[in-house]
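Computed from a prediction, not measured in an experiment: that's the story for all the values here. Each chain gets a letter, A, B and so on, in the order the sequences are listed, and its residues count up from 1.
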Amino acid sequence: MTPCETKAKSKHPSYGKVFLMFARNSLVRDMMFRANFLIESVSSVCWAIMNVGLYWIIFEHTTSIGRDTGWGKYEFFVFMGTTWIINSLMQTFFMPNSEEFSELIRTGGLDFAMLKPIDTQFLISLRKVSWSSLSNLLFGILLMVISLAHLMTRAENPWHFQPSIVVLYPLYIACGVAILYSLMICLAATSVWLGRNQTLYDFWFYITNFSRYPMEIYARGWGLPLLFVFTFVIPVLVVVNVPARLLAQPLTPRASWEWPLAGFTLLATVSSLNVSRWVFQKALRSYRSASS
Amino acid sequence: MYGLSLEAVRELIGHYNSIAMAIIEIEKLSKSYRVYQKQEGLLAAVRGLWHREYRDVEAVRTVDLKVEQGEFVAFLGPNGAGKTTTLKLLSGVIYPTSGTARVMGHVPWLRDNDYRRRFALVMGQKNQLWWDLPAQESFRLHERIYQIDKKEFTRSLNELSDLLQVQKLLGRPVRELSLGERMKMELIAALLHSPEVLFLDEPTIGLDVVAQHNIQQFLRYYQQQRKTTILLTSHYMKDIAALCQRVVVITDGAIKFDGSLSGIIDSFSGSKILKLQLSDGQSAEGLERFAEVTSVVLPKVALRCARAEVPKMLAAILQHYQVDDVAVEDPPLEDVIADLYQKSN
């Protein structure tokens, strides 16, 4: 190749096209094992249904989560739908990759990723798409739509559609996914220093468990330090809470802290992504590559 | 003033440098790892929880090397000698502890895209193709990542799969391929973007003789056609004898020899092999007085003696024995290298 030819190529490949290739190849692979694909889709939907069932039973005993929080049954189901949407996006795009990232570090397979003339974090984070996990996304949307329909048609204090939500809800879903992704990739990257880190990867599940409930439940007693830590230090509480609140509007008029929290979420997203980038680069710098 | 911007001048200088300089330049390159010194036993393992002793392992020690464009160089050395580490440093996968390296004017561990588009690394023990998918899907991914022109991609793929005789296997999932076939696919994946520098880390490991031979032939042909600069590590002397004009022996992370394959024998072996064919009825008894007897299959006898002693020894033997034929040979390369490895251990 002459220097002129090299110059004709842009410095970066088209990330969109590369991602489409990843998505396509993953789909081809998933289709190859169609029984597995079906079982995965069905089992995750079953789990989702059982979860809804459990909360349905809980709401037989109470009308709302906490006094005056506004999280009644259907508001909470909107919250749950949001959780499913975010989780399924994580499972579809990032979870299989982060899991494999630890493995690549341990086995030295990361070598090949580092050789490619493309951003290594992009390559590592998105190379596989687990299409079967999208079934939960559909389920989450379904749950959300049904719940909103209930809220809209109830006699007392019905839910009103606000056009801004069409932009805000997807935006904050994206923020939530970005925050969870950052946390996940940071934990996976620690394999570089620890050698083996199944435990830290599990840690992700422990931490993100906190994000599955309305943040008001932490607003009392021993919950307060948790509320502080998981909002400002590891901001997993804003992940589901902010988009779900914006959509479900448990309180009308909105509480005074809702918009500041939404603003903070944007800041938290940018910071999380930056921290994940920093940790990832540090990890690559320390990568020793398993011997062959 | 002269119609040239500063940028253009810089570029010209850079271009000139890249012509004038060797394609690979390594100076005082070192890489050491800090490893946890594990003690034996449970008690020691528990103690290791809070008090750990570390030691530094020097994988590569102040290596200096220059490789010119179009050379096919072999790295030879025992396991753990630092061959693979050197290739990984040159690929930018790991950072050095000290020293510098430039490949085509790029510092490898800065990993800029321009550099990464111009070289490739093939590792016999690791694979980069998607396991469950046909190799051609991975190739298409490379087409995108390396921004290979569509026509060029089709042409390269046809040419390479033709040369390696794997056209019919392109559509078969990688996991269903034999090791040899998989290696061929790995080579195609590495060569699709026409790298100017190629690092091969034991590309024929575990392959049967025929597959090894195929890959050797392919590499020789490809290198002759393209004048690609290739650095190869291998434990198979046949690979090296068939392919490389230049051999670099690394032991203990340092270069011990740099020259031709036959030069290794001159440098490291102080002995010669005397092969005698004794006359009918002549016994080999007493030959050990003259030199170390390495084999006796009458009427043939082989002896090893110091290079300088050969004429004296031969004269003495011929005085005492009736000999039909004499040959003086270098010891087998494998033996010389095995000796060399053992000494380094």
Note: A/F112 and B/N127 closest approach over all heavy atoms is CE1-C, 3.7 Å
Pair count under 4.5 Å, heavy atoms only, with chain A: among B/D112, B/L133, B/T85, highest is B/L133
In terms of heavy-atom contacts, A/R24 and B/R140 come closest through NH2-NH1, 3.6 Å
Side chains of A/L123 and B/I145 in contact at under 4.5 Å (non-hydrogen atoms) | yes
Looking only at B/L141, B/I205, B/I94, the option with the highest number of non-hydrogen pairs under 4.5 Å against chain A is B/L141
Checked A/R285, A/K17, A/M32 vs chain B; the most non-hydrogen pairs under 4.5 Å come from A/R285
In this structure, CG of A/L110 is separated from NZ of B/K126 (nearest 0.5 Å) by 9.0 Å
The interface call for A/T120 against chain B, heavy-atom contacts under 4.5 Å, is side chain
Taking every heavy atom of A/M21 against every heavy atom of B/R144, the minimum-distance pair comes out as SD-NE, 4.3 Å
Turns out that what part of A/F33 lies under 4.5 Å from chain B's heavy atoms comes down to side chain
Going through the checks in order, is the side-chain hydrogen bond (donor to acceptor under 3.5 Å, both in side chains) test met by A/K116 and B/Q128? CA-CA 11 Å; A/K116 302 282 181 294; B/Q128 62 165 328; 2.6 Å; yes
Smallest heavy-atom separation, B/Y33 atom then A/R288 atom, equals OH-O, 3.4 Å
Okay, A/L20 and chain B: the region with an atom under 4.5 Å from a heavy atom over there is neither
request  = Report the C-alpha distance between A/L115 and B/R116 in whole Å, list the side-chain angles of each, state the deciding distance to 0.1 Å, and finish with yes or no for side chain to side chain contact (heavy atoms under 4.5 Å, CB included).
outcome  = CA-CA 6 Å; A/L115 298 177; B/R116 292 192 288 184; 5.6 Å; no
Closest heavy-atom pair, A/F22 versus B/W130, reported as atoms and distance to 0.1 Å, is O-CH2, 4.2 Å
Notebook entry, point to check: Is any side-chain heavy atom of B/N113 less than 4.5 Å from a side-chain heavy atom of A/I118?
Noted result: no
Note to self: Is any side-chain heavy atom of B/S91 closer than 4.5 Å to one of A/D111?
What the structure shows: no
Self-check item: Pairwise side-chain contact, A/H12 with B/Q147, heavy-atom cut-off 4.5 Å (strictly under)
Solution: no
query = Quick one: does A/R29's side chain have a donor or acceptor within less than 3.5 Å of a partner on B/W131's backbone?
reply = no
- Taking C-beta and beyond as the side chain, do B/Y146 and A/P117 meet within less than 4.5 Å on heavy atoms? yes
Tightest non-hydrogen contact, residues A/L284 and B/Y95, listed as O-CE1, 4.4 Å
Turns out that what part of B/Y115 lies under 4.5 Å from chain A's heavy atoms comes down to neither
